Q: 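Here's a structure for you.
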Amino acid sequence: MKPSPHLAAIRAEVAVPARLHLGFLDLDGGSGRRWGSFGITLDGIETRLTAAPAEGIRASGPSAERAAGFARQIAASLDLPGGIDITLQSAIPEHAGLGSGTQLGLAVGAAFAGLYGLDLGARAIAMTLGRGARSGIGIGAFEQGGVLVDGGRLEGANEPAPIVSRMEFPDAWRIVLVLDGEARGLHGAIEAEAFQKLRGFAPELSAHLCRLVLMAALPALAERDLASFAAAVAEIQNAVGDHFAPVQGGRYASPAVAQVLSWFESEGWTGIGQSSWGPTGFALVENAAAADALVVAAKGKWAGDGRLAFMICRGRNRGGRADLGFSMAAASESHRR
């Protein structure tokens, strides 16, 4: 990860996707690994930025202060010869359960790597920034997209959890998101405190969740069986949501989102839940027409509630992207190396 003494590029464009975190699989760690995660990469919500070399560190646009903080961490950790000027065109909503922090940090790290010719992959960036301490799903979404399972983090290890399964999300299926613009999921020191307050995670519950993923959700995904996949996701969500209820105020963090999800369930939708700490909720739907109809009906029912928003996403079966712009001198230097 030693910096190049010369610039490798004069411009970097990076786009990284949001993700749904469907639940942890083992908070006890009795097997020697803790956490373990199940998630889906989203298409339609992303952090997108452009960056150029600079004397210092500057950032503008949505989540600019957070981006500048990540840039300062990376520059200090790697003793880089220069700074960076970051312009954010879009950013995943912060503290909404969609992976904003990890994805922004990875985007800033990828921009630095491209500009300064660093051998700096997603896992190395995450370790530099202290991201991926519990879940490896964000790193997997950045690297390859799709439906992901990580194998948990080894007790005492610094390495992020490895991705142990990656499958395609069917093109026809859709994900309806329910967003609460006035709520924020637990994060930072409050999140760490919440984990400490949680009651013990029974080994029997972990065994059940792992079985649901391996023997129900993933086979149903392979067979494009939405009903069975949605049922498995819902069961995982209910179990994990009930475990986290004492520290987030219920199965769902946002009462407004909870009302919508309850209505979805009464209308016959089974694949519902909350991503990470929320407040974002979701429903899995079989096709675009069904998703459109569901959103139209929901918007009509909650027309007077300005805090709620609805969005339709596809699953994203590719990771983030980083495109570089070269000067003649940088291209020549890169070729010589």
Side-chain angles (χ1 to χ4, degrees), residues 18-41 95 97-103 105-106 121-144 146-167 185-218 232-248 251-253 273-278:
R19 55 86 180 123
L20 291 183
H21 191 284
L22 302 180
F24 287 114
L25 305 180
D26 187 353
L27 275 70
D28 175 66
S31 68
R33 288 185 175 273
R34 196 176 181 199
W35 311 110
S37 302
F38 184 31
I40 301 171
T41 311
H95 312 309
L98 299 173
S100 62
T102 294
Q103 301 310 87
L106 293 176
R123 292 170 67 82
I125 296 169
M127 291 175 64
T128 298
L129 296 174
R131 310 301 303 188
R134 299 184 183 92
S135 172
I137 297 300
I139 297 170
F142 177 89
E143 290 180 323
Q144 53 192 324
V147 181
L148 303 159
V149 180
D150 79 56
R153 188 169 180 172
L154 278 172
E155 289 291 342
N158 293 323
E159 288 281 335
I163 298 299
V164 296
S165 173
R166 186 267 178 195
M167 297 177 67
L186 299 184
H187 58 278
I190 297 175
E191 178 188 15
E193 184 180 349
F195 274 114
Q196 292 177 355
K197 290 180 177 178
L198 285 171
R199 66 185 186 276
F201 202 78
E204 295 80 10
L205 177 57
S206 175
H208 180 57
L209 295 177
C210 291
R211 187 177 186 185
L212 280 171
V213 171
L214 182 61
M215 299 304 294
L218 296 185
V233 167
E235 190 170 349
I236 293 165
Q237 279 282 306
N238 292 344
V240 175
D242 289 346
H243 182 78
F244 281 84
V247 294
Q248 67 177 10
R251 181 177 286 179
Y252 304 117
Q274 171 184 289
S275 180
S276 188
W277 288 107

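As a basis for the values below, the full set of heavy atoms in this structure was taken, side chains included, without hydrogen atoms, waters or symmetry mates. For reference, positions follow the sequence shown, starting with 1. From a predicted model like this one, the values you see are computed outputs, not experimental measurements.
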Q: Can you measure from CD1 (Ile125) to CZ (Arg131) and round to the nearest 0.5 angstrom?
A: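 These two atoms lie 13.0 Å from each other.
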
Q: For Leu25 and Phe201, work out which heavy atoms get closest and say how close.
A: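 Residues Leu25 and Phe201, closest heavy atoms: O-CE2, 3.8 Å.
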
Q: Got a sec, which residues hit salt bridge (charged side-chain N to carboxylate O under 4.0 Å, His left out) with Arg211, two or more places apart in sequence or on another chain?
A: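 Applying salt bridge (charged side-chain N to carboxylate O under 4.0 Å, His left out) to Arg211 gives none.
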
Q: Kindly give the heavy-atom pair with the smallest separation between Ile137 and Ser135, and that separation in Å.
A: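 Distance-wise, the nearest heavy atoms are N-OG, 3.1 Å.
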
Q: Could you pull out the closest heavy-atom pair between Asp26 and Ser31, with the gap in Å?
A: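 Nearest heavy atoms, Asp26 then Ser31: OD2-OG, 4.1 Å.
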
Q: Would you compute the distance between atom CG of Leu22 and atom CG of Leu148 and round it to the nearest 0.5 angstrom?
A: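 One finds 10.0 Å between CG of Leu22 and CG of Leu148.
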
Q: Return the CG to OG1 distance between Leu129 and Thr102, rounded to the nearest 0.5 Å.
A: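 Those atoms lie 9.0 Å apart.
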
Q: Can you tell me how far CG of Asp242 sits from CZ of Arg251, rounded to the nearest 0.5 angstrom?
A: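 Atom-to-atom, Arg251:CZ and Asp242:CG are 4.0 Å apart.
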
Q: Looking at Gln274 and Gly241, would you say the former's side chain and the latter's main chain have a donor-acceptor pair under 3.5 Å?
A: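 Answer holds: no.
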
Q: Do you know which two heavy atoms are closest between Leu205 and Ala239, and how far apart they sit?
A: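 Leu205 and Ala239 have their closest heavy atoms at CD1-CB, 4.0 Å.
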
Q: Return the set of residues passing side chain to side chain donor-acceptor pair (under 3.5 Å) with Asp28 (not counting sequence neighbours), or none when no residue passes.
A: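 Asp28 satisfies side chain to side chain donor-acceptor pair (under 3.5 Å) with no other residue.
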
Q: Return the minimal non-hydrogen interatomic distance between Met167 and Leu218, and the atom names on each side.
A: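 Closest heavy-atom pair between Met167 and Leu218: CE-O, 3.5 Å.
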
Q: Looking only at heavy atoms, what is the nearest atom pair of Ala122 and Ile139, with distance?
A: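 Looks like CB-CG2, 4.0 Å.
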
Q: Roughly how far, to the nearest 0.5 Å, is CG of Leu27 from CH2 of Trp35?
A: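 If we round to the nearest 0.5 Å, Trp35:CH2 and Leu27:CG are 5.0 Å apart.
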
Q: Quick one: salt bridge (Lys or Arg N to Asp or Glu O under 4.0 Å) pairs with a partner in residues 147-165, sequence neighbours left out?
A: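 Every salt bridge (Lys or Arg N to Asp or Glu O under 4.0 Å) pair that includes a residue of residues 147-165, provided the two are not neighbours, is Arg123-Glu159.
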
Q: Do Pro162 and Arg33 come within less than 4.5 Å of each other through their side chains, counting heavy atoms only?
A: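 Sidechains of Arg33 and Pro162: in contact.
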
Q: Does any part of the side chain of Phe38, heavy atoms only, come nearer than 4.5 Å to the side chain of Val147, both counted from C-beta?
A: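 A side-chain contact under 4.5 Å exists here.
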
Q: Rounded to the nearest 0.5 Å, what separation is found between the CG atom of Leu98 and the CZ atom of Arg19?
A: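 It comes to 7.0 Å.
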
